[in-house]
Amino acid sequence: GSGIQPSSDQIMIGTDTFHVSTANIPIDFIDSRPDSFLLGNFHDPKFGSTQAEILAQVNCPEGFKFPPLSQPDSAVVIMYYKTWFGSKSSPLAVNLYEMTKNTFNYTDLYQSNLNPTDYTDLSKPLGSRIFSAKDPIRTRIDTTAIRFRLSNDFVNRFFDDSHYSSTAKFLNFFKGIYATTNYGASALLSIEEIVMMYHYHYTYKTKNINGGDSIATVKSYLVFPANKEVRQVNRFQHNDRASIAQQPDSVNYISAPANIQTRVN
């Protein structure tokens with residue numbers, strides 16, 4: 001086809017040579033405003049270890065009022081995931097704590113290497129689980145979710161609808177959740193959603209078929225999602241990054257998030 005192509009349409013090609021230098025640059029943090037989360041710990045002999053933790057506010061059902069004759073039942077935190085990186089069968093221990101010291105301002109930027117002790121003193125554990133990314137014997141009802149059952153004391157604390165008059169008041173009452181791992185170095189979960197479910201029931205009088213009074217029970221629940229209306233931060237640690245950065249100059253790395261980048265001059 002080039003024989004019938006007008007000369008003005010032909011592509012001009014040229015070559016040149018540029019000399020470049022490259023270097024591994026350590027990155028301490030990124031500004032974290034995630035829409036999904038990593039959770040877990042993974043060690044790679046070339047790129048080092050990555051530990052991922054989550055600090056998350058949850059939103060409240062603003063303006064909610066418990067119906068008359070309500071009683072609390074239970075509460076759970078659920079983390080949903082469909083994919084993971086690493087081993088599907090290695091055990092992973094996840095602990096949940098309450099953020100008791102401080103919480104996040106919605107408009108502020110937060111760095112991915114923030115110090116969790118600025119937000120929690122680890123004095124209020126909410127729950128813990130040991131599991132593997134893929135459930136081989138189906139011990140879980142939903143194999144794409146991890147549930148943490150919360151204590152009765154926690155359930156009773158939330159049975160007060162005055163906390164839900166506004167989001168600001170609720171975040172002062174419950175500042176958020178801190179999720180971390182203390183065992184396992186072979187898997188990172190890709191958490192798509194975090195939600196807290198609060199179950200309760202209430203009763204009311206109704207007429208039976210004989211015209212007499214009977215008591216009906218209704219079971220219901222509240223949803224407290226970690227959604228875009230409140231803030232979450234994904235915390236990352238690369239504790240052995242220094243040894244990776246000392247690799248020979250002929251080798252460059254890209255390791256994310258907030259670990260090593262390659263600079264080209």
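Any value given below was found using the heavy atoms of this structure, including those in side chains, with hydrogens, waters and symmetry copies removed. As the structure is a computational prediction, the values presented were derived from the model and not from experiment.
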Is there a side-chain contact (heavy atoms from CB on, under 4.5 Å) between Tyr221 and Asp73? Walk through the geometry before answering.
CA-CA 9 Å; Tyr221 58 87; Asp73 291 324; over 6 Å; no

Please evaluate residues Asn24 and Thr262 with respect to the criterion side-chain contact (heavy atoms from CB on, under 4.5 Å), reporting the C-alpha separation (whole Å), side-chain torsions for both, the decisive distance (0.1 Å), and the verdict.
CA-CA 5 Å; Asn24 291 320; Thr262 294; 4.2 Å; yes

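Minimum interatomic distance between His238 and Ser49 (heavy atoms only, all atoms of both residues): ND1-O, 3.2 Å. Among all heavy-atom pairs drawn from Asn234 and Phe37, the shortest one is OD1-CA, 3.2 Å. A pairwise comparison of heavy atoms in Ser112 and Phe29 identifies OG-CA, 3.4 Å as the closest pair. Scanning all heavy atoms of the two residues, the minimum distance from Asn239 to Gln51 falls at ND2-OE1, 4.5 Å.
Cation-pi geometry between Arg129 and Tyr183 is not met: the NZ or CZ atom fails to fall both under 6.0 Å from the ring centre and inside 45° of the normal.
Aromatic pair Phe170/His163: centroids not less than 6.0 angstrom apart. Here Phe42 and Phe85 bring their ring centres to under 6.0 angstrom of each other.
Defined by atom type and a distance below 3.5 Å, a donor-acceptor pair is present between the side-chain atoms of Arg235 and Gln237.
A donor-acceptor contact shorter than 3.5 Å links the side chain of Gln57 to the backbone of Arg231.
Within the model, atoms SG of Cys60 and CG of Leu171 stand 7.0 Å from one another, a figure rounded to the nearest 0.5 Å. In this structure, NE2 in His201 is found 12.0 Å from OG in Ser220, a value given to the nearest 0.5 Å. Between atom CG of residue Leu39 and atom CG of residue Leu189 there is a gap of 5.5 Å, rounded to the nearest 0.5 Å. Residue Glu62 holds its CD atom at 6.0 Å from OG of Ser166, rounded to the nearest 0.5 Å. In this structure, the separation between NZ on Lys101 and OG1 on Thr120 is 7.5 Å, given to the nearest 0.5 Å.
Here the rule is side chain to side chain contact (heavy atoms under 4.5 Å, CB included) with Ile54, and of Ile177, Val94, Ile194 only Ile194 fits it. Checking Phe174, Tyr164, Phe173 one by one against Phe224, the ring pair (Phe, Tyr, Trp, His ring centres under 6.0 Å) holds for a single residue, Tyr164.
Under the 30°/60° scheme for interplanar angles, the aromatic rings of Phe159 and Phe66 are found to be tilted. By the 30° and 60° cut-offs, the orientation of the rings of Trp84 relative to Tyr81 is perpendicular.
Put simply, Met79 and Phe236 are part of two different groups of oily side chains (I, L, V, M, F, W, Y) that touch within less than 4.5 Å, one to the next.
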